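This one's a predicted model, so the numbers in the text were calculated from it and none came from an experiment.
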Amino acid sequence: MPPPEPTPPQSSLPEAASRFGAQVLADAAARARDIGAVTGGPPRVPSPAVEVPSTSADLGRLLRGPSGLGTAGLRLTPREEPATGATEKGRPVPGLYHHPAPDPDPVRVAEVSRRIKSWAMDEVDLYPDDWEEQFDGFSVGSYMVGCHPDAPTVDHVMIATRLMMAENALDDCYCEDHGGSPVGLGSRLLLAHTTLDPLYTTREYQPQWAESLYADAPRRAYRSAMEYFVQASSASQADRYRHDMARLHMGYLAEAAWSEHDHVPEVWEYLAMRQFNNFRPCPTITDTVGGYELPADLHALPDMQKVIALAGNATTIVNDLYSYTKELDAPGRHLNLPVVIAEREDLSDKEAYLKSVEVHNELMHAFETEAAALAAACPLPNVQRFLRGVAAWVDGNHQWHQNNTYRYSLPDFW
Ligand SMILES: CC(C)=CCC/C(C)=C(\C)COP(=O)(O)OP(=O)(O)O
Ligand SMILES: [Mg+2]
């Protein structure tokens with residue numbers, strides 16, 4: 001008997017759009033180009049039916065949106081070259097493939113910075129007084145304004161900004177250098193996760209759980225940030241976020257398990273852990289922050305999942321490169337890609353760092369190739385906008401790392 005035909009992706013969109021989305025994506029899966037081993041799966045056969053962009057100029061055009069007369073309002077980012085201030089603040093890692101992003105709107109940055117500080121101090125009591133300088137140095141206002149250039153209002157940017165502060169508070173206080181430890185991390189993470197994914201229990205035990213949501217700064221921050229997020233998102237967007245946070249927490253646990261035994265994983269194992277201990281929950285809320293929705297069935301498509309994973313991996317290896325010297329100075333051994341490559345492949349620190357740049361660049365090129373193929377194959381406006389939103393997040397994330405010289409500095413390898 002012949003094997004059954006693969007089922008095309010299903011959609012619950014209105015019928016016409018559903019047929020269109022499912023068919024386009026099924027066709028795209030059949031004809032997408034062979035883009036190399038990094039994206040997994042068997043080689044694919046190019047089709048003359050759809051022109052998949054093949055030059056970096058074409059890819060950039062697709063990811064950045066339309067460029068003709070009268071289309072300025074359709075782009076996520078202004079067309080001007082980045083302001084020179086960006087390069088005065090920090091320099092990019094030499095050889096790193098990236099796109100300079102425009103400087104974030106200073107008026108928006110000032111307002112987001114004011115509001116996030118008030119939230120941190122007055123609503124969730126996020127940090128003791130002596131952490132204020134580090135809070136300010138994190139510059140979350142310019143980070144989130146830069147990563148979400150299509151947010152319609154400051155309220156929308158705030159949705160992402162609160163979550164970003166909450167995610168970092170938990171990472172610092174549970175896992176890293178503000179009281180964190182691998183010991184007992186599993187139970188702390190699970191209990192904190194119930195701020196996002198509530199416990200349903202009996203009348204007797206419910207009050208103890210409800211009280212626990214305010215027991216420490218990470219839980220207060222997660223609970224409050226999630227409450228704001230849920231007010232702005234659809235049920236499926238909120239569920240997407242919970243799933244991405246469960247992935248993040250699983251990544252923290254693997255990192256902690258290795259750290260307890262000072263174990264250095266193989267490079268591929270490290271990369272697998274870092275696909276979970278990853279920025280992914282940040283770009284995947286780009287539609288909520290943009291005030292629209294990528295429907296769940298389009299978000300779940302394997303090609304969309306691949307694009308999201310590659311974007312998350314590229315952004316997270318950017319962190320490994322920019323935070324390399326900070327993590328070398330931290331107590332104990334802090335794993336990042338250069339450290340793991342140096343140890344496992346017996347390379348000098350410099351060779352390992354330069355190899356990590358190459359790993360990043362391959363991931364970044366794969367992200368752009370896959371995103372462009374999906375954008376070409378699926379011309380639904382919310383898919384196009386979501387892909388552009390993820391690309392804007394990737395660029396904004398790089399820009400923030402490059403320019404956050406309070407937090408990061410480059411090694412002396414060049
Ligand atoms: C989703 C999110 C913002 C998670 C927090 C985890 C996190 C800060 C990263 C994925 C970045 O990695 P790292 O913990 O190494 O951050 P720093 O190098 O300390 O800035
Ligand atoms: Mg780091």
Quiz item: Is the closest basic N to carboxylate O distance between Asp395 and Arg388 below 4.0 Å?
Solution: no
Quiz item: Quick one: do the Asn397 and Thr315 side chains pair a donor with an acceptor below 3.5 Å?
Solution: no
Quiz item: Side chains of Arg407 and Tyr322: closer than 4.5 Å at any heavy-atom pair?
Solution: no
Quiz item: Please walk me through it: do His398 and Val394 pass side-chain contact (heavy atoms from CB on, under 4.5 Å)?
Solution: CA-CA 6 Å; His398 174 268; Val394 169; over 6 Å; no
Practice problem: For the residue pair His334 and Glu176, establish whether any side-chain heavy-atom pair is separated by less than 4.5 Å. | Solution: yes
Practice problem: Answer whether the closest heavy-atom distance between the side chains of Arg333 and Asp262 falls below 4.5 Å. | Solution: yes
Quiz item: Got a sec, which residues hit side-chain hydrogen bond (donor to acceptor under 3.5 Å, both in side chains) with Glu260, two or more places apart in sequence or on another chain?
Solution: none
Quiz prompt | Residues Glu269 and His263: side-chain donor-acceptor under 3.5 angstrom | solution = no
Quiz item: Can you tell me if NZ on Lys350 sees more than 12 non-hydrogen neighbours from other groups inside 6.0 Å?
Solution: no
Quiz item: Can Glu293 and Ser236 be counted as having a side-chain donor-acceptor contact under 3.5 angstrom?
Solution: yes
Self-check item: Asp329, CG atom: more than 12 neighbouring heavy atoms under 6.0 Å
Solution: yes
Exercise. Would you check if there is a donor-acceptor pair between the side chains of Asp320 and Tyr270 at a distance under 3.5 Å?
Key: yes
Self-check item: Donor-acceptor contact present, side-chain Thr195 to main-chain Ala192, <3.5 Å
Solution: yes
Quiz item: Any ion pair linking Glu351 and Lys355 (charged N to carboxylate O, less than 4.0 Å)?
Solution: no
Quiz item: Take atom CG in Asp129; do more than 12 heavy atoms of anything else shown fall under 6.0 Å from it?
Solution: no
Practice problem: Answer with yes or no after comparing the ring centroid distance for Tyr200 and Trp209 against a 6.0 Å cut-off, counting only values under it. | Solution: no
Exercise. Check for a donor-acceptor pair, side chain of Arg344 on one end and backbone N or O of Pro265 on the other, with a separation under 3.5 Å.
Key: yes
Quiz item: Given side chains that start at C-beta, do those of Lys117 and Asp136 come closer than 4.5 Å, heavy atoms only?
Solution: yes
Practice problem: Compute whether any side-chain donor of one residue and acceptor of the other, for Glu123 and Tyr228, lie under 3.5 angstrom apart. | Solution: yes
Quiz item: Atom CG of Leu126 and atom SG of Cys173: how far apart are they, to the nearest 0.5 Å?
Solution: 7.5 Å
Exercise. State whether the number of non-hydrogen atoms from other residues, nucleotides or ligands found under 6.0 Å of Gln231 atom CD is greater than 12.
Key: yes
Practice problem: Quick one: do Asp103 and Lys89 satisfy salt bridge (charged side-chain N to carboxylate O under 4.0 Å, His left out)? Show the steps, please. | Solution: CA-CA 11 Å; Asp103 274 349; Lys89 289 189 351 213; 5.5 Å; no
Exercise. With sequence neighbours left out, write down each residue that passes side chain to side chain contact (heavy atoms under 4.5 Å, CB included) with Ser187, or none if nothing qualifies.
Key: none
Practice problem: Decide yes or no on side-chain contact (heavy atoms from CB on, under 4.5 Å) for Asn313 and Phe367, but give the supporting numbers first. | Solution: CA-CA 9 Å; Asn313 291 348; Phe367 156 62; over 6 Å; no
Quiz item: His178: what forms a ring-ring contact (aromatic ring centres under 6.0 Å, His included) with it, not counting sequence neighbours?
Solution: Trp131
Self-check item: Interatomic spacing from CD in Glu167 to CG in Leu248 - rounded to 0.5 Å
Solution: 7.0 Å
Quiz prompt | Spacing of CG belonging to Asn278 relative to CD1 belonging to Ile308, to within rounding of 0.5 Å | solution = 11.0 Å
